[in-house]
Amino acid sequence: MALPPPLSEDQRRDALAKAAEARRQRAALKDQLRSGEATLKDLLDRTDDEIVGKLKVSDVLQTIRGVGKVRARKIMTRLDIAESRRMRGLGAKQIESLLKEFTGK
């Protein structure tokens, strides 16, 4: 497999700025979830958004109050969600199971 051509200094700077902005937006989403401004359902409804879609499910679950690494891993195992799964990659049954787990509906 051939390596991509090296980036120019300007291209590299632009890529780094774009990556930093994406990290800021993901952090803002997690802060909204943590503070209650956004719900898990809100994020699940926005998985076609580039930022939300690329969030790892485990990171989102760990952001929810009362859910740490261990509980998030147990929930994902029980609901048959791979540890590396991104929000965009969730199936309909997995979404339904997550909502049932956290909203009781």
Side-chain angles (χ1 to χ4, degrees):
M1 184 172 190
L3 293 174
L7 298 176
S8 71
E9 219 24 66
D10 287 339
Q11 290 172 320
R12 186 174 185 282
R13 192 175 322 110
D14 291 344
L16 288 171
K18 183 178 176 183
E21 180 59 28
R23 284 191 299 273
R24 275 192 291 278
Q25 289 178 0
R26 284 193 299 271
L29 279 173
K30 289 191 224 176
D31 286 342
Q32 289 174 357
L33 185 62
R34 193 175 293 117
S35 70
E37 291 176 49
T39 64
L40 180 59
K41 182 172 179 8
D42 295 338
L43 292 185
L44 289 169
D45 290 342
R46 293 178 45 198
T47 55
D48 50 343
D49 176 353
E50 189 72 17
I51 300 300
V52 176
K54 288 187 175 183
L55 280 168
K56 281 191 167 188
V57 175
S58 59
D59 290 344
V60 171
L61 294 182
Q62 290 174 40
T63 302
I64 297 172
R65 184 166 289 156
V67 180
K69 281 186 179 185
V70 173
R71 185 165 178 226
R73 193 174 301 130
K74 285 180 182 178
I75 290 168
M76 290 177 66
T77 301
R78 189 175 70 246
L79 300 180
D80 199 26
I81 301 172
E83 199 168 319
S84 61
R85 178 70 60 207
R86 304 275 176 174
M87 294 291 284
R88 178 174 287 149
L90 288 172
K93 290 192 186 256
Q94 292 171 325
I95 290 172
E96 183 182 323
S97 298
L98 277 172
L99 288 174
K100 195 177 290 184
E101 178 77 26
F102 289 99
T103 62
K105 297 178 183 175

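Predicted model, so just to flag it, every value in this text is computed and none were measured. Positions are given from 1 along the sequence.
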>> Under the rule for side-chain contact (heavy atoms from CB on, under 4.5 Å), what residues qualify as partners of Thr63, not counting sequence neighbours?
In response: Lys30, Leu33, Arg34

> Of Val60, Val57, Leu98, which meets side chain to side chain contact (heavy atoms under 4.5 Å, CB included) against Leu43?
Replying inline: Val60

>> Rounded to the nearest 0.5 Å, what separates atom CZ in Arg13 from atom CD in Glu9?
In response: 6.0 Å

> Who are the salt bridge (charged side-chain N to carboxylate O under 4.0 Å, His left out) partners of Asp48, not counting sequence neighbours?
Replying inline: none

>> So, using side chain to side chain donor-acceptor pair (under 3.5 Å) as the criterion, who are the partners of Gln32 when residues are at least two apart?
In response: none

> Who passes salt bridge (charged side-chain N to carboxylate O under 4.0 Å, His left out) against Asp59, sequence neighbours left out?
Replying inline: none

>> Using the side-chain contact (heavy atoms from CB on, under 4.5 Å) criterion, which residues pair with Ala28? Sequence neighbours excluded.
In response: none

>> With rounding to the nearest 0.5 angstrom, report the CZ to NZ distance, Arg71 to Lys74.
In response: 10.0 Å

> Distance-only, no hydrogens or angles: does the Gln94 side chain make a donor-acceptor pair with backbone N or O of Leu79 under 3.5 Å?
Replying inline: no

>> Could you work out, with side chain to side chain donor-acceptor pair (under 3.5 Å) as the rule, every residue matching Thr47, not counting sequence neighbours?
In response: none

> Sequence neighbours excluded, which residues qualify as side chain to side chain donor-acceptor pair (under 3.5 Å) partners of Arg46?
Replying inline: Asp49

> salt bridge (charged side-chain N to carboxylate O under 4.0 Å, His left out) with Arg24: which residues, sequence neighbours excluded?
Replying inline: Glu21

> Can you name the residues that form a side-chain contact (heavy atoms from CB on, under 4.5 Å) with Leu7, not counting sequence neighbours?
Replying inline: Gln11, Arg12

> To the nearest 0.5 Å, what is the distance between CG (Leu40) and CD1 (Ile64)?
Replying inline: 4.5 Å

>> Once rounded to the nearest 0.5 Å, what's the spacing between atom NZ of Lys56 and atom CG of Leu61?
In response: 12.5 Å

> In chain order, what residues pass the salt bridge (charged side-chain N to carboxylate O under 4.0 Å, His left out) check against Asp45, with sequence neighbours excluded?
Replying inline: Lys41

> Do any pairs count as a salt bridge (Lys or Arg N to Asp or Glu O under 4.0 Å) and have a residue in residues 83-93, sequence neighbours left out, and if so which ones?
Replying inline: Glu50-Arg88, Arg73-Glu83

>> Restricting to non-hydrogen atoms, name the atom on Ala72 and the atom on Ser58 that form the minimum distance, rounded to 0.1 Å.
In response: CB-O, 4.3 Å

> Who pairs with Arg65 by side-chain contact (heavy atoms from CB on, under 4.5 Å), at least two apart in sequence or on another chain?
Replying inline: none

